[in-house]
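For reference, the structure is listed below as structure tokens.
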Protein chains: 2
Amino acid sequence: MKDQDAKTLSNTQRAVRDLRRMILSGELAAGTDHLESELAETLGMSRTPIREAALMLESKGLLEMRPRKGVRILPVSSDDMREIYDILTELESLAAQRAAEAGYSEDELAVLAGSIAKMDQAIEAEDLEAWAEADELFHQELVRLGGNKRVEAIVAMMSDQVRRARATTLFIRPLPVKSNEDHRVVFQAISEGRPGVARERHREHRLQAQAMLCGILEKHRLNSL
Amino acid sequence: MKDQDAKTLSNTQRAVRDLRRMILSGELAAGTDHLESELAETLGMSRTPIREAALMLESKGLLEMRPRKGVRILPVSSDDMREIYDILTELESLAAQRAAEAGYSEDELAVLAGSIAKMDQAIEAEDLEAWAEADELFHQELVRLGGNKRVEAIVAMMSDQVRRARATTLFIRPLPVKSNEDHRVVFQAISEGRPGVARERHREHRLQAQAMLCGILEKHRLNSL
DNA sequence: GCATTAATTTGCGTATACATTAAAGAATGC
DNA sequence: GCATTCTTTAATGTATACGCAAATTAATGC
């Protein structure tokens, strides 16, 4: 397991993985600056792989490299949230449509169905962390079923950018009961092979999620997460 | 002018700019491999900035770094073209909608109008290069007016990826007369503030462009450009 | 005491060196 | 002649060194 670390992965790859983790977990807080040399020491490697990793994470929108000021972990404002959800709405709806067009078998839709089941259980148990994880899986799998690798990559990128903000709002927002119903409707449209319905239902789902999340952020003046 | 080169831009930035140029122009042909050291010599700098530039261009989907095999300039297949146009269709349509919602003044729409005028002139003169340039400007400006920076970045990235392929099909495809009409319709919807119409018209425009381009690629067996 | 300039520090950009390891080629055994 | 193993080559991944410019601090003049 840990062998993956030293053996197959290069230091640059490890740096990408670890820095990403630290950013998403909040260990590297939004808005904070970090010198390349600090990060290098923290991760136990030289500046070279750190710089390469930072460059990659910069193009994924997680941080920004500013000469002499260090690497800045990018905060997410409610405006950013809007931008990102606009994109997620469009691309995921497309994916839902394409998934419905593809005519997947029950087997092929098992993961998607499983993610919905997990969300139901999580709601039952009022376990928000588990719900969030299953929700993430649903959206990821939906996009995978859409069959467009680039959409997959973009959606993953956008999801990363809002993950911190989502984690924060998780305990403020209402219990996502409605959300689960939405997922079920989308799933049904896909399994019945109804592209138009899948697309539109998912679109509405995302628009509502966006309105809710941005509303919360603005109401609570959470303007950089 | 040339001062920008040595003065304000870092070698890494120059490498990004120059490599991108060379890829888009075909000077670095699709599917070819290039050692980091070769590229370094070509651009007159050390491997370090070349590696950094390559990393950035890799995340923009223009090339791929494969250990020991060198930097590979990514070809674009007709499947790639489909993926990319699917994304452009969704995101540009959103931009058209948002631009219409924004209620821009005539002044603010001047660049967009100008690009349409240029396309008309180009068609008149049967100057396809000029038409392509103006078309590029139209789409770029449309997305800018949409007001979503991330959409702008993604669309730019996708456009880069298909630029070579578009250049090739340019002289095979029919004269883009219909295309110009489409642009005018979209423009009108935006200037009249009709988001739904702008969105739908642009969507249809892109779907047609996609069908036409992918059709040509497949018909001519152009499967990696 | 304040502003302006000089000195110093510090972090980055980049060249360079080197260890590692995959790939290519040579040599050996059958 | 062919397969297999050993050698050699060569390209990468990474550490390191260093010049340069920005930022900070000290110093000087008023």
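We name chains A, B, ... by the order of the sequence lines, and we start the count at 1 in each one.
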Would one find a side-chain N or O of Asn11(A) under 4.0 angstrom from OP1 or OP2 of dG13(D)? no
Whole Å only: how far is the CD atom of Glu52(B) from the P atom of dT14(C)? 7 Å
Donor-acceptor pair present, Arg47(A) side chain and dG13(C) base, under 3.5 Å: yes
Please tell me if Thr48(B) has a side-chain N or O lying less than 4.0 Å from either OP1 or OP2 of dT14(C). no
Euclidean distance, atom CG of residue Leu35(B) to atom C1' of dT9(D) [Å, nearest integer]: 13 Å
Are any of Thr12(B)'s side-chain N or O atoms less than 4.0 Å away from OP1 or OP2 of dT14(C)? yes
Taking only side-chain N and O atoms of Arg51(A), does any of them lie within less than 4.0 angstrom of OP1 or OP2 on dG13(C)? yes
Starting from C1' on dT21(C), measure out to CG on Leu9(A) and report it in whole angstrom. 16 Å
Tell me the interatomic distance from Arg68(A), atom CZ, to dT24(D), atom P, rounded to whole angstroms. 11 Å
Give the rounded distance in Å between these two atoms: CG of Leu55(B) and P of dG13(D). 9 Å
pair His183(A)-Asp135(A): side-chain heavy atoms closer than 4.5 Å: yes
Residue pair His202(A) / Leu142(A), side-chain heavy-atom distance below 4.5 Å: yes
Taking atom CZ of Arg66(A) as the centre, report whether more than 12 heavy atoms of other residues, nucleotides or ligands fall under 6.0 Å from it. yes
Rounded to whole Å, the CD-P distance (Glu41(B) to dA15(C)) equals 13 Å
When you check the side-chain N and O atoms of Ser77(A) and Asp80(A), is any donor under 3.5 Å from an acceptor? yes
Ile50(B) CD1 to dG13(D) C1', straight-line distance once rounded to whole Å: 16 Å
Can you tell me how far C1' of dG13(C) sits from CZ of Arg66(A), to the nearest Å? 18 Å
Salt-bridge present (Glu101(B), Arg199(B); N to O < 4.0 Å): no
Using heavy atoms to find the nearest nucleotide of DNA chain D for Ser46(A) and His34(B) separately, return the residue whose nucleotide is more 5′. His34(B)
